[in-house]
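Let me begin by presenting the structure, written as structure tokens, before commenting on it.
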Amino acid sequence: MLTDRLPRLLTGRVCAWITLLLAALIAAGLIGSLRGAEVAAGHGTAPATAESSIVDQVVGELPDADVQPLVVVVTRPDGAALTEAEQRSLGELTATLPATDGQQAFGPIMSEDGQAAMLQVPVRVDVTDNDALRATVDSVRTAVADALPAGLEARTTGGAAFGADIAASFDGANVRLLLVTIGVVGLLLLLTYRSPILWLVPLTVVGLADQLAGIVTASLGERFDLNFDGGIISVLVFGAGANYALLLISRYREELRRHDDHRQALRAAWRASVPAILASNIAVVLALLTLILAAAPGTRGLGIASAAGLVVALLAIVLVLPAALAVVGRGAFWPFVPDHSTTDLRPASSASTSPSLRHDPWGAVATGVARHPWRVLVAGATLLAVMATGLIGTSVGLSQVDRFRGGSESADGLSILTEHFPAGSAAPLVVVTDTAELESVQDAVTAVDGVEMVRTGAAGPSTSRGDVTTLTVVGDAAPGTEAERELVADLREAVHAIPGADALVGGSPATDVDSRAAARSDLLLIAPVVLALVAVVLALLLRSLVAPVVLLVINVASTLAAIGAGAWIGRQWFGFGALDTDVPLLAFLFLVALGIDYTIFLAHRIRSEVPSHGTRAAVVTGVSTTGVVITSAGIVLAAVFAALGVLPLVTLGQLGLIVGLGVVVDTFVVRTLFVPAVISLLGERFWWPTRPDSRAGTRAGSGADDTSEGQPVEVSVREPALTS
């Protein structure tokens, strides 16, 4: 059988070296051949079928479609009105600004209060080339700074300026994320293993897997035109890879106490742990692949890339790590080398030492839970309910300024602009209409409440929609507000009612509206699919129909609690006004898929102990033997997701906060308290319709009798896997 031959091949004296050599050659070949691939990062983009996307397509066919205005807002430091002399100087400055060929900067346009002036500089931008975009914006900013009259302050903003500042904010950010992630994982592995040697083995394997995953996913993104944030891929690979390594090495350490030959111990550990690792990986990968159904391009791209990254992590841990451990040998655990002098060749499920709950906190906790499951469930449910109240008052949707942490010239300029000019000046709406109905559409737009200014833009007789003309619409609603979204809806209702106009409303405010609608639709579609897929994986692994339902109910409750608590902490401690549009779906997906990992590890171990101990006693044994490894894995994964906070995107910071918090809840509440309590209450019924052979435990069909509160639990508890 493959499960017998493969571990022998991976861990043999010669085969282990061959495996490592082949892995190095394959990785080097892929990295060398695929290096240089680039993928666009981004979330929240509207679907291609959305009205705003269609407008972008039509506008892109017009002459000078790649010309965008940079907005320079000028004020006095003391807040006083600009003098006539200063206004004349700004007019002279406007003539010197580097507008694109065939275009001319114009201004100053004075605010009603006279305290601010606006200059508009048309520039040609390439949004796919960050370096060129930054060079264009920097040239305008330099020209403004060189010729600005003394005593005035200027800030350049607008869509192109935001793009340049965003690109600049990511300078070195991915390197910082990688270094922080490596440092966090390395430190936690070192503390877990308490060996100066062992922690380097999984860290090296996972680090190489991360580099390979980055290259592979970038190549996929370039080939299939996907966009996603590479930081999330790196975090998933490191987090999941470290978790898989912890589970394998934990079981390896157990087996070293029963086998004199470390290669035999490694093979036994591989056969015992790989089913749970594989089930966990399949559950997460399938859950991520459900994002293919997403309408938002950024969400869809993230799902495909993340699934590919986790497959790379799985192959590295299942195939490469055993070979590396076989080469390093038993001495990798120095100075706490597992003692095999009292070798026990009985199966793992039957090997035990005398009870010592005093020195085994996980066994002590599990025993207490098994004795008083109802108390634990009530207390745990109360805690989760309190955390979930954070969802009350949580809004979804961030403005362009709020999506990025830290100050920037473009964000400061937009804030000043909205103080002195109509709030929509820096992000106007765009209406495209059949030229024959231009007058009717313009009248309808002007009549909409909240519209401050309407001007006619370019005309294109040869676009995909025929002879069209554009209108630029400036509203009085602040960017990212409900008022702005209502203005978009009112404009669309007004122009859609004009027969023959085929008018559509786009622009960044409309894109935000369409992105929010897509995110809401994706959540309602994908969440049930994810739950169904995870349920199938659990049913196949545990051979039960009751267990998947019970475990998913618990998992969903903890997920909602984590999102609620994370949203509340974000509002109170970090000043996040709202969750970004992608966060609810991604947080739900990661928490369900990753959170179920620990439940899989625990439930799989409990089921393997049932034939020897019975269900209730197996709960205590399972929690005791997996307590350290699952806790270590949870802390590693939570810390790795928290590392997303080093990136400038608020979206990633929110995701790291919520998922990190959720993993902690799964580790210390769900896995330690909820799951053991529920299994203790249900007894043998938890495994229905199968009935695991229970030779030493409860009687078949006696689940009701052995789950009463207060009944003592007698069980032999082995030493936790990672303690010395």
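Side-chain atoms are counted along with the backbone in the values below, which use heavy atoms only and exclude waters and symmetry mates.
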Which atom pair, heavy atoms only, marks the closest approach of [X] to [Y]?
{"X": "Met118", "Y": "Leu417", "answer": "SD-CD1, 3.7 Å"}
{"X": "Val663", "Y": "Ala638", "answer": "CG1-N, 4.0 Å"}
{"X": "Ile600", "Y": "Ser280", "answer": "CD1-CA, 3.9 Å"}

Taking the side chain as everything from C-beta on, heavy atoms only, tell me whether [X] gets closer than 4.5 Å to [Y].
{"X": "Thr626", "Y": "Trp362", "result": "no"}
{"X": "Tyr244", "Y": "Asn281", "result": "yes"}
{"X": "Phe641", "Y": "Leu236", "result": "yes"}
{"X": "Leu655", "Y": "Asp580", "result": "no"}
{"X": "Leu591", "Y": "Val665", "result": "no"}
{"X": "Ile304", "Y": "Leu291", "result": "no"}

Mind listing the side-chain donor-acceptor pairs of residues 521-529 below 3.5 Å, one per line with the distance, residues two or more places apart or on another chain?
unit_1	atom_1	unit_2	atom_2	d
Asp522	OD1	Ala295	N	2.8
Asp522	OD2	Ala295	N	3.2
Asp522	OD2	Ala296	N	3.3

Do Asp165 side-chain atoms and Ser410 backbone N/O form a donor-acceptor pair below 3.5 Å?
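Yes; judged by distance alone, with no hydrogens or angles, the pair exists.
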Using modelled atom types only, decide if a donor and an acceptor are shared between the side chain of Thr157 and the backbone of Val71 within a distance under 3.5 Å.
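Absent.
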What residues, two or more places apart in sequence or in another chain, satisfy salt bridge (Lys or Arg N to Asp or Glu O under 4.0 Å) together with Arg155?
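Arg155 satisfies salt bridge (Lys or Arg N to Asp or Glu O under 4.0 Å) with Glu153 only.
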Can you tell me if Thr631 and Arg671 form a side-chain donor-acceptor pair at under 3.5 Å?
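A donor-acceptor contact under 3.5 Å links the two side chains.
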Per the side chain to side chain donor-acceptor pair (under 3.5 Å) rule, what does the pair list look like for residues 560-571, sequence neighbours excluded?
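Checked against side chain to side chain donor-acceptor pair (under 3.5 Å) - neighbours excluded - the pairs reaching residues 560-571 are Thr394-Arg571.
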